[in-house]
Amino acid sequence: MLITNSEYLRPELMDIIRAFDCEDEEITHYFSFSEGKYFNSIEYAGEFYDFEDKEEVEDELVFKRLAKRYAKLALYKTLAKRHGSLIYGALTGIRPTKLAYAEKNAGRNFSDLFGKMDVSDRKILLVDRILKVQQNAYSHRGGQDLFVSIPFCPTKCDYCSFITAPITSTQSYVESYVESLVRETESIKPLLTNLKSIYIGGGTPFVLGEKHLQRIYESLSGLNAPEYTVEAGRPDVFTEEKLRLSKQFGVTRICVNPQSFNDSTLEKIGRKHTSQMTLNAYEMSKKFGFDINLDLIAGLSDETVADFGKSLKTAISLDPENITVHTLSLKSGAKLKERVRRLNVAGISDMIDLSDKLLSESGYLPYYMYRQKYQAGGLENVGWCKEGKECIYNIDVMEEIADNIAVGANAISKKLFGDDRIERCASPKDLPTYISKVDKIIKDRNNLFLEI
């Protein structure tokens, strides 16, 4: 239980407490500020700890940002004395690279701040490598990216928290959902003055039949985005006709999501396909000339480092343009969270270190990253690419350097106003609610993006 005299600091402090799995312990925090000095006092396990940090304060916004930073750091140092350090130190945000850019844009070396926050040297190096790969994309900030949400799947995976539901139980909504989605896509065309990418994600977009898939593709025709991704999804829904249709309508990039190449793991997490079906889907996609991304998850049910290494080596042997390595995360709404309060995955750090080693040795470059709460080992998700094959959509979304216009259930549009303000427009998660409110969604989005 946390007691603090500064309630606006509570969310930041709780992030640190959760990272150390100390929610059930008594911790008292006292904060004060005077003459440019931030004071944080912590009482924990019968001990008292005092911290003082001095920093120039330009305005209220800077004051609050620094107050949060130093409070987190004080609590982190206190808990680390008893429990040991964390791989990302006192950094708890989902976008470490965005913080690094903020430091660079202010004329500072981001590694100084990361070192102060006790981030490990190898993670500082990882962030630095990513920033170098992103140089071209970051220099072309602005424009728009389009996200299209397809919230249907063959089954729901054990670890999944998305709104997706088995299509067998939501089939009655498919027709009206597609028509609502098409109305949205038609409405956003006047907003797209500098479209950089289209990303159709899910869910599993390829779980739709050819008729509905074509209807969506037709509604997007004429947009001519230089990058066009379909997160096709699980290999058991791939067909040559869906791939041919995708090629016909200008799709340039396909995501095949095996998550693991171990059949016993696939069965445990609720997948209805085999690793051989993934290989078949990959070869089928390659025939059409798409750039391909393969998704893997480190830390899946009962997998060892050797099991994960097998999946990783299989993915590398296929020679795709992109490989994304996710660390298993405990998410609200997932079946997994009903059984587990905290993820303690044996060897998870070794799995992620192995992915860095093998992918780097195979010529892949880390090009974007993000973190999630309750992620095993406090680690991260990293997208890897062959040189020149980074996905612009992923970079833009993670660094928040372009407007994101999103359509469909649970889609969140974001409009950038300068470097320090983002406004959002979110659609309902629930399918019938989304369908019934599509006119209001269109109106709200237009109000956001067409405001003068």
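Index from 1, following the sequence.
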Discussion item. For the aromatic rings, using the six-membered ring if either is Trp, is the centroid distance between Phe51 and Phe39 under 6.0 Å?
Written reply: no

With Asn293 as partner, the option from Asn394, Thr324, Val256 fulfilling side-chain contact (heavy atoms from CB on, under 4.5 Å) is Thr324

| said: Show, in sequence, the C-alpha distance, side-chain angles and deciding distance for Leu191 and Gln144, and conclude whether the side chain to side chain contact (heavy atoms under 4.5 Å, CB included) test is met. | reply: CA-CA 9 Å; Leu191 310 179; Gln144 304 105 13; over 6 Å; no

Rounding to 0.5 Å, atoms CG (Leu79) and CG (Asp21) come to a distance of 11.0 Å

message = Please determine whether a side-chain nitrogen of the Lys or Arg among Lys268 and Asp302 lies less than 4.0 Å from a carboxylate oxygen of the Asp or Glu.
response = yes

Determine whether Lys242 and Leu213 make a side-chain contact, defined as any pair of heavy atoms from C-beta on separated by less than 4.5 Å.
yes

Q. With a cut-off of 6.0 Å (strictly less than), are more than 12 heavy atoms of other residues, nucleotides or ligands near CD of Glu7?
A. yes

Point to revise | Residue pair Ser413 / Asn404, side-chain heavy-atom distance below 4.5 Å | key: no

| query | Got Ile323 and Ile316 here, is their nearest side-chain heavy-atom distance under 4.5 Å? | reply | yes

Within 6.0 Å of NZ in Lys104, more than 12 heavy atoms from elsewhere: no

Q) Yes or no on side chain to side chain contact (heavy atoms under 4.5 Å, CB included) for Ile130 and Tyr367, after CA distance, side-chain angles and deciding distance? A) CA-CA 5 Å; Ile130 290 171; Tyr367 79 95; 5.7 Å; no

- prompt: Does atom CD of Glu387 have more than 12 heavy-atom neighbours from other groups under 6.0 Å away?
  reply: no

Q | Test item: Leu279 and Leu318 side chains (from C-beta on) under 4.5 Å apart, heavy atoms | A | yes

Notebook entry, point to check: Heavy atoms, side chains only, cut-off 4.5 Å: are Cys255 and Thr229 in contact?
Noted result: yes

Taken to the nearest 0.5 Å, the spacing of Lys196 NZ from Asp396 CG works out to 3.5 Å

Inset, instruction - Establish, yes or no, whether the cationic atom of Lys310 lies under 6.0 Å from the six-membered ring centre of Phe308 and within 45° of the ring axis. - result: no

To the nearest 0.5 Å, atom OG1 of Thr327 lies from atom OH of Tyr370 at 9.5 Å

Partner of Tyr228 under side-chain contact (heavy atoms from CB on, under 4.5 Å), picked from Ile254, Ile198, Leu146, is Ile198

Exactly one candidate in Gln375, Glu380, Arg371 meets side chain to side chain donor-acceptor pair (under 3.5 Å) with Tyr88; the answer is Glu380

Item to complete: Report yes if some heavy atom in the side chain of Ile216 is under 4.5 Å from a heavy atom in the side chain of Leu208; otherwise report no.
Response: yes

Taking everything shown except Lys189 itself, do over 12 heavy atoms lie less than 6.0 Å from its NZ? yes

Check: Relative to each other, are the rings of Tyr8 and Phe31 parallel, tilted or perpendicular (30° and 60° limits)?
Finding: perpendicular

message = A quick test of your reading: do over 12 heavy atoms of other residues, nucleotides or ligands sit less than 6.0 Å from CG of Asp121?
response = no

To the nearest 0.5 Å, atom NZ of Lys357 lies from atom CG of Asp350 at 12.5 Å

Original post:
Hey, is Asp356 close enough to Arg122 for a salt bridge, meaning N to O under 4.0 Å?
Top reply: no

To the nearest 0.5 Å, atom CD of Glu400 lies from atom CG of Leu416 at 7.0 Å

- Query: Between Val57 and Tyr38, is any pair of side-chain heavy atoms under 4.5 Å apart?
  - Reply: yes

Notebook entry, point to check: Checking side chain to side chain contact (heavy atoms under 4.5 Å, CB included) for the pair Glu227/Cys391: CA distance, chi angles, key distance, verdict?
Noted result: CA-CA 8 Å; Glu227 178 185 280; Cys391 173; 3.3 Å; yes

When rounded to the nearest 0.5 Å, the distance separating CD of Gln248 from OG of Ser221 is 10.5 Å

Exercise. Are Tyr138 and Tyr101 an aromatic pair by the rule of ring centers under 6.0 Å?
Worked result: yes

Task: Aromatic ring proximity, centroids under 6.0 angstrom, Phe206 and Phe238 - done: yes

